[in-house]
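In the text below, chain A, chain B and the rest are named by the order of the sequence lines, each starting its count at 1. Note that the coordinates shown come from a computational prediction; the quantities given were computed from them, not determined experimentally.
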Amino acid sequence: MQQIINFIIRNKTFLLFLLLFSVALLFTIQSHSYHKSKFINSANFFTGGIYNSINNISSYLNLNSQNRMLAEENNRLKSIMYNTPERDSSFLDSLKFNSLYRFTHARVIKNSYSLNNNVLLVNKGENDSIREDFGVISSLGIVGIINKTSNNYATVISILNTTSQISAKLKNTNHFGTLIWNSNSPEIMQLIDIPKAAESYLTIGDTIITSGRSSIFPKGVLVGAIQDFRLDDAENYFTLSVKLFNDMTNLEHVYIIENMDKPEITDLLNE
Amino acid sequence: MNNVISIHAVRFVILILTQVLIFNQINFLGYINPYPYILFILLYPVKNNRMLFIFLSFLLGLTIDLFMDSGGIHAAGSVLVAYTRPLFLKSSFGTVYEYQSIKFNTVEFGSKLNYIAILTAVHHLVLFSLEIFSVSKIILILQKALFSSIFTILLCVLLTIIFSRNKT
């Protein structure tokens with residue numbers, strides 16, 4: 001016993017180092033598996049507050065470009081709204097009882113795109129009934145999935161994250177695959193596992209949209225355009241390079257989507 | 001003594017804030033960011049309680065991780081260089097270190113540069129191997145570590161020169 005205590009006292013620096021280093025490694029390994037980062041995330045009062053107050057100042061710098069993007073979106077939505085034949089005036093009612101998706105507007109207060117596993121921070125949290133696994137989109141396309149929430153903030157696993165996998169499909173047909181990121185460029189993502197039978201439908205410049213299979217994103221959210229496609233090594237599936245419509249380096253206003261039927265869907269799948 | 005503690009406390013906070021709010025936003029050529037927060041580890045007094053130093057380095061790294069949502073990569077890198085710092089001190093400063101009388105303001109520039117460079121390189125190698133976490137992407141790890149190291153070393157040298165002039 002005496003010897004054990006002596007050993008601990010003699011090597012206390014090394015043991016402390018070993019302890020702290022393994023704690024750090026544990027956090028690292030947790031952060032590399034999807035939805036596992038328990039303690040170390042920026043959705044807390046302290047880091048969220050600092051990012052929020054800085055963002056209040058810095059958001060003035062790109063007010064112009066953000067305003068233009070919002071105006072363009074308004075323009076697009078207005079043109080859809082007034083070009084729909086035989087509008088029923090009840091559609092303009094702002095009260096919604098049976099809508100499938102609920103949208104919440106949020107601001108990105110911390111953006112990141114140069115790491116391998118990028119995580120964003122938005123200024124809405126549990127007080128705005130934001131929960132884990134809600135989808136996040138911008139006016140131009142998908143952004144990510146909510147990971148951790150605190151009272152006023154939530155972290156978003158960006159689509160530019162090597163652990164993120166999102167189901168996406170070709171716009172014209174129903175061939176679907178998985179959207180992943182190989183961490184090379186924040187503009188290009190990869191759509192893998194498109195079946196070989198889809199060859200005749202693949203055209204460079206065609207649109208990729210979300211498939212609506214995952215109950216996180218509704219069907220038809222824009223993703224990007226096909227830039228290039230080739231068969232994978234086994235020659236059974238196509239791998240597509242997708243150029244994102246969204247400029248992930250310039251994000252400010254995003255929408256958080258809640259699928260109201262999600263509990264029902266997950267219950268059904270778990271049975 | 002109080003003065004020394006307050007200098008290091010202020011340095012701790014300021015380095016974290018500048019790292020998070022300024023240096024992480026640089027993204028030179030798309031992905032190159034400097035990490036000059038390790039100046040805290042570089043300039044921590046040699047004659048001091050080593051356990052406290054290792055713990056403070058861990059705290060420094062963990063706070064950066066908290067801001068960057070990066071798990072524990074900065075904590076791991078910081079703890080490792082904090083623990084192995086005596087080795088780097090010995091190899092760069094030699095006899096001066098043996099007598100425990102280093103003042104970072106007074107040592108000659110060459111050995112100081114050597115010290116900063118080795119410590120930064122080790123820190124960044126650990127940092128990026130943990131960030132990318134894949135043996136098959138070793139080229140990417142080395143590339144990122146090299147470019148970021150150059151950037152960090154440059155900034156650290158500049159910052160030490162700028163802030164040492166004030167005191168003399």
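Of the atoms belonging to Ile50(A), it is side-chain heavy atoms, and not backbone ones, that fall under 4.5 Å from chain B. Neither the backbone nor the side chain of Asn55(A) comes within contact range of chain B; no heavy atoms are under 4.5 Å apart. With a threshold of 4.5 angstrom between heavy atoms, Phe128(B) does not approach chain A through any atom at all. Of the atoms belonging to Phe67(B), heavy atoms from both backbone and side chain fall under 4.5 Å from chain A. Only the side chain of Tyr51(A) comes within contact range of chain B, with heavy atoms under 4.5 Å apart. Residue Leu21(B) touches chain A through its side chain alone, counting heavy-atom pairs closer than 4.5 Å. Residue Leu20(A) touches chain B through both its backbone and its side chain, counting heavy-atom pairs closer than 4.5 Å. Heavy atoms closer than 4.5 Å to chain B are found in the side chain of Ser183(A), but not in its backbone. For chain A, no part of Ile32(B) is nearby; none of its heavy atoms comes within less than 4.5 Å. In this structure, chain B has no heavy atom under 4.5 Å from any part of Ser112(A). Of the atoms belonging to Lys12(A), heavy atoms from both backbone and side chain fall under 4.5 Å from chain B.
Comparing Gly72(B), Ser78(B), Ala75(B) by how many heavy-atom pairs each has under 4.5 Å with chain A, the most go to Gly72(B). Taking chain B as the reference chain and counting heavy-atom pairs below 4.5 Å, the highest number among Thr249(A), Thr28(A), Asn117(A), Leu120(A) is found for Thr28(A). Ranked by heavy-atom pairs under 4.5 Å with chain A, the first of Gly61(B), Ser70(B), Ser57(B), Ala76(B) is Ala76(B). Interface summary for chain A: among Val79(B), Asp69(B), Ile132(B), the most heavy-atom pairs under 4.5 angstrom belong to Asp69(B).
Shown here for Phe245(A) and Ala225(A), the closest heavy-atom pair between the two residues is CZ-N, 3.9 Å. Contact record, Val20(B) with Gln25(B): O-NE2, 3.2 Å, taken as the closest heavy-atom pair.
In terms of modelled atom types and a separation under 3.5 Å, the side chain of Ser148(B) and the main chain of Asn33(B) share a donor-acceptor contact.
Side-chain contact check for Asn62(A) and Arg68(A): no donor-acceptor pair (N or O, by modelled atom type) lies under 3.5 Å. When only modelled atom types and interatomic distance are considered, Ser114(A) and Asn27(B) share a side-chain donor-acceptor pair under 3.5 Å.
Aromatic ring centres of Phe40(B) and Tyr44(B): separated by under 6.0 Å.
In this structure, His74(B) and Tyr35(B) have tilted ring planes: the angle between them lies in the 30° to 60° band. The aromatic rings of Phe229(A) and Phe238(A) lie perpendicular to each other, with more than 60° between the two planes, well past the 30° mark.
Going from atom CD1 of Ile54(B) over to atom CG of Asn49(B) covers 9.5 Å, rounded to the nearest 0.5 Å.
Remark: Arg85(B) is positioned above the aromatic ring of Phe53(B), its terminal NZ or CZ atom under 6.0 angstrom from the ring centre and at most 45 degrees off the axis.
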